[in-house]
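Both counts, for ligands and for their atoms, begin at 1 and track the order of listing.
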Amino acid sequence: MRVLVTGGAGYIGSHTVVQLVAAGHQPVVVDSFVNSRPSVIARLEELTGEQIETHSFDLRDADKTSALFAEGGFDAVIHFAGLKAVGESSQIPLEYYDNNLGATFSLVEAMRRHGVRTIVFSSSATVYGEAAPVPYVEDYEPLAASSPYGRTKVMQERILSDVAATGELQVALLRYFNPVGAHPSGRIGEDPQGVPNNLMPFIAQVAVGRRQRLQVFGDDYPTPDGTPLRDYIHVEDLAAGHVAALEHLAAHPDLAVRAWNLGGGRGTSVLEMITAFEAASGRPIPYEIAPRRAGDLAAFWADATRAETELGWRAERTIEQMCADTWRWQSGNPQGYPG
Ligand code: NAD
Ligand code: UD1
């Protein structure tokens with residue numbers, strides 16, 4: 001399949017591009033580079049041995065998006081493009097709604113005009129909100145999210161589902177848990193701009209000496225060691241989940257819309273992650289206990305059985321591999337990608 005990968009220069013998109021090529025597909029990247037570096041593309045070409053057709057513009061530009069589809073000959077779209085920082089989304093909510101919804105409107109309109117039906121969408125476990133029982137199951141309703149970022153995901157799920165109900169789209173809603181890790185080559189990985197918001201990149205930057213110590217946001221949660229439990233998933237497993245979902249949609253043309261959790265199905269605490277990273281890197285991770293972060297939940301993980309039953313996919317890689325691969329990337333690229 002010739003697959004348009006929106007946000008293909010980003011963290012998860014870049015890993016998925018490599019696996020699409022390995023699976024015999026032809027990815028085409030469109031990215032505004034608002035949160036990624038153009039130098040990613042050269043790394044992708046090095047890893048795949050292929051030239052990666054890349055278009056640099058903002059998907060909200062409806063004319064450029066439509067023109068890309070007019071020429072593109074795409075069989076399907078994987079839609080990663082979006083802004084994703086939970087805290088920032090409360091500071092600049094309008095930018096989040098405008099970017100995330102605007103990009104999706106423009107994309108879906110172009111798909112409709114040019115007869116492309118199939119879309120795999122990056123959703124998040126955040127759509128389960130604060131009241132869903134753990135483990136999270138895909139049929140849970142009502143979806144709710146506690147940040148503007150999360151609400152853009154709920155809204156995009158609704159919009160895509162409503163269009164799918166008309167028969168014009170075929171949609172996979174992939175709800176990611178906590179993506180971490182990097183390609184085993186260490187050539188591509190997560191490269192957050194500024195101070196990392198998420199646990200794993202913060203730990204990795206402490207290990208490599210870019211930051212002095214980690215703050216552990218609360219150790220008085222009702223969990224075994226008092227720190228929150230999350231369902232960490234290796235980005236390589238996540239990328240494989242996209243290829244599986246894409247191929248499932250292609251094999252089931254009558255399927256209109258379906259949600260799948262992409263998680264490992266178990267929880268790991270913050271302190272367990274620190275210990276695992278120390279072992280993988282051979283470096284100490286100094287930390288201090290800090291107050292809880294607003295909005296954090298004590299514990300959640302996926303019920304991942306639907307993806308295994310229907311897509312034949314499951315998360316294979318261990319916490320040790322997640323830490324070892326993150327460390328290979330971080331230690332080989334202490335400052336992230338070159339400009
Ligand atoms: P990322 O920021 O690394 O990648 C997103 C890419 O989209 C970036 O390269 C950015 O430049 C591009 N982009 C943003 N807005 C655009 C626009 N309007 N037009 C064109 N390109 C645009 O993020 P990621 O971690 O790779 O996440 C990919 C997707 O998965 C996002 O939609 C994110 O919300 C979702 N997601 C991520 C996580 C996570 O923890 N990383 C968890 C759940 C869901
Ligand atoms: C966050 C987002 C979630 C998003 C997910 C993607 C919030 C409230 N939620 O989830 O919407 O889908 O990222 O990966 O931001 N921690 C520390 N110190 C740090 C950073 C994190 O102790 O410097 C702790 C957090 O309190 C949490 C755990 O590490 O208990 C994981 O945090 P993080 O990586 O930010 O992921 P989530 O909070 O699960």
- Message: I'd like to know if the side chain of Asp219 and the backbone of Thr227 have a donor-acceptor N/O pair within less than 3.5 Å.
- Response: no
- Message: Measuring from atom 32 (O) of ligand 1, which candidate in Lys153, His79, Gln156 has the nearest non-hydrogen atom?
- Response: Lys153
- Note on the structure: Nearest non-hydrogen contact to atom 42 (C) of ligand 1 from the set Phe33, Phe80, Tyr176 belongs to Tyr176
- Task: Decide whether Met200 and Trp301 are clustered together by the hydrophobic rule: side chain heavy atoms of Ile, Leu, Val, Met, Phe, Trp, Tyr closer than 4.5 Å, transitively.
- Result: no
- Query: How does Leu199 reach ligand 2, by side chain, by backbone, by both or by neither, if only non-hydrogen atoms under 4.0 Å count?
  - Reply: both
- Query: In terms of side-chain geometry, is the basic nitrogen of Asp220 or Arg292 positioned less than 4.0 Å from the acidic oxygen of its partner?
  - Reply: yes
- Answer yes or no: is there an ion pair linking Asp231 with Arg266, defined by an N-O contact shorter than 4.0 Å? no
- Message: I'd like to check which ligand 1 atoms, numbered from 1 as shown, lie under 4.0 Å from a non-hydrogen atom of Ser124.
- Response: 43 (C), 44 (C)
- Message: For Arg314, is there an ion pair with Asp237 - N to carboxylate O distance below 4.0 angstrom?
- Response: no
- Query: Considering only the protein, which heavy-atom contact is closest to atom 20 (C) of ligand 1, and what is its distance?
  - Reply: Ser32 N, 3.3 Å
- Query: Quick check: does Ile12 get an N/O under 3.5 Å from an N/O on ligand 1?
  - Reply: yes
- Message: With a heavy-atom distance limit of 4.0 Å, tell me whether Leu297 approaches ligand 2 through its side chain, its backbone, both, or neither.
- Response: neither
- Close-contact set for ligand 1 against Ala81 heavy atoms, below 4.0 Å: 7 (O), 13 (N), 16 (C), 21 (N), 22 (C)
- Query: Can a donor-acceptor pair be found between the side chains of Tyr149 and Glu88 at a distance below 3.5 Å?
  - Reply: no
- If every non-hydrogen atom of Arg187 is compared with every non-hydrogen atom of Trp329, which pair is closest and at what distance? O-CZ3, 3.6 Å
- Have a look at ligand 2 and work out which part of Arg292, if any, has a heavy atom under 4.0 Å from it: side chain, backbone, both or neither. neither
- Task: Go through the steps to decide whether His248 and Trp313 satisfy the test ring-ring contact (aromatic ring centres under 6.0 Å, His included), and finish with yes or no.
- Result: CA-CA 11 Å; His248 184 84; Trp313 171 92; over 10 Å; no
- Task: Quick one: look at Phe57 and ligand 1, take heavy-atom pairs under 4.0 Å, and tell me if it's side chain, backbone, both or neither.
- Result: backbone
- Task: Output yes when the distance from some N or O of ligand 1 to some N or O of Lys84 is under 3.5 Å, and no in every other case.
- Result: yes
- Message: Assess the residue pair His242 and Tyr176 against the criterion (ring-ring contact (aromatic ring centres under 6.0 Å, His included)); give the C-alpha distance rounded to whole Å, side-chain angles, the decisive distance to 0.1 Å, and a yes or no.
- Response: CA-CA 11 Å; His242 289 75; Tyr176 313 157; 5.3 Å; yes
- Note on the structure: Under 4.0 Å from one or more heavy atoms of Gln215, ligand 2 contributes atoms 17 (C), 18 (N), 19 (C), 22 (O), 23 (O)
- Message: Polar contacts were defined as any N/O atom of the residue lying under 3.5 Å from an N/O atom of the ligand; does this apply to Phe177 and ligand 2?
- Response: no
- For ligand 2, which atoms, with element, lie under 4.0 Å from some heavy atom of Val270? 24 (C), 28 (C), 29 (O), 30 (O)
- Just checking, is any N or O donor in the side chain of Arg43 or Asn333 under 3.5 Å from an acceptor N or O on the other one? yes
- Query: To which protein heavy atom is atom 12 (C) of ligand 1 closest, and what is the distance rounded to 0.1 Å?
  - Reply: Asp31 OD1, 3.3 Å
- Is Ser36 close to ligand 1, meaning an N/O of one under 3.5 Å from an N/O of the other? yes
- Based purely on interatomic distance, does Asp296 place a nitrogen or oxygen under 3.5 Å from a nitrogen or oxygen of ligand 2? yes
- min-distance protein heavy atom vs atom 2 (O) of ligand 1 -> Asn35 ND2, 2.7 Å
- Top protein contact for atom 40 (O) of ligand 1, by heavy-atom distance: Pro179 CD, 3.2 Å
- Task: Could you tell me whether the side chains of Gln51 and Glu45 share a donor-acceptor contact shorter than 3.5 Å?
- Result: no
- Query: What orientation do Phe300 and Tyr136 show, parallel under 30°, tilted 30 to 60°, or perpendicular over 60°?
  - Reply: parallel
- Query: Is Ile52 linked to Val5 within one hydrophobic cluster, defined over Ile, Leu, Val, Met, Phe, Trp and Tyr using a side-chain heavy-atom separation of less than 4.5 Å?
  - Reply: yes
- Query: In terms of residue, atom name and distance, what is the protein heavy atom nearest to atom 5 (C) of ligand 1?
  - Reply: Gly82 O, 3.9 Å
- Message: Quick check: Phe74 with Phe69 (ring centres under 6.0 Å apart)?
- Response: yes
- Item | Expected output: side-chain Arg175 to main-chain Glu138 donor-acceptor under 3.5 Å | yes
- Task: Of the side chain and backbone of Tyr232, name the one, both, or neither that has a heavy atom under 4.0 Å from an atom of ligand 2.
- Result: side chain
- Task: Could you name the option among Gly13, Ser122, Ser123, Pro201 that has the heavy atom nearest to atom 44 (C) of ligand 1?
- Result: Ser123
- Message: Can you report which non-hydrogen protein atom sits closest to atom 34 (O) of ligand 1, along with the distance?
- Response: Tyr149 OH, 2.8 Å
- Item | Ser66 side chain to Arg113 side chain, donor-acceptor N/O pair below 3.5 angstrom | yes
- Write out the residue and atom name of the closest protein heavy atom to atom 4 (O) of ligand 1, then the distance separating them to 0.1 Å. Gly10 CA, 3.4 Å
- Item | Nearest neighbour of atom 36 (O) of ligand 2 from the list Thr268, Val127, Val195, Asn178, on a heavy-atom basis | Asn178
- Using a strict 4.0 Å cut-off to heavy atoms of Asn197, name the atoms of ligand 2 that fall inside it. 20 (C), 35 (O)
- Note on the structure: closest protein heavy atom to atom 17 (C) of ligand 1 is Asp58 OD1, 3.7 Å
- Item | Cluster link Val3 to Val21, ILVMFWY, side chain under 4.5 Å | yes
- Could Glu53 and Arg2 be called an ion pair, given the rule that one side-chain N must be under 4.0 Å from one carboxylate O? yes
- Message: If hydrophobic clusters are built from ILVMFWY residues whose side chains come within less than 4.5 Å, do Phe80 and Tyr11 share one?
- Response: yes
- Note on the structure: Closest to atom 20 (C) of ligand 2 (heavy atoms only, candidates Phe217, Phe202, Tyr176) is Phe217
- Less than 3.5 Å between some nitrogen or oxygen of Ala9 and one of ligand 1, yes or no? no
- Item | Leu214: numbered ligand 2 atoms lying under 4.0 Å from its heavy atoms | 18 (N), 19 (C), 23 (O)
- For atom 38 (O) of ligand 2, closest protein heavy-atom neighbour: Arg293 NH2, 2.7 Å
- Flag Leu59 as yes when one of its N or O atoms lies below 3.5 Å from any N or O atom of ligand 1, and as no otherwise. yes
- Does the side chain of His79 come under 3.5 Å of the side chain of Thr104 through a donor N or O and an acceptor N or O? yes
- How close does the nearest protein non-hydrogen atom get to atom 9 (N) of ligand 2, and which residue and atom is it? Val86 CG2, 3.7 Å
- Message: Out of all atoms in ligand 1, which are within 4.0 Å of some heavy atom of Val34? Include the element for each.
- Response: 10 (C), 11 (O), 13 (N), 14 (C), 15 (N)
- Considering the heavy atoms of Pro228, write down every atom of ligand 2 situated less than 4.0 Å from one of them. 30 (O)
- Message: Tell me whether Ser124 has any N or O atom under 3.5 angstrom from an N or O of ligand 2.
- Response: yes
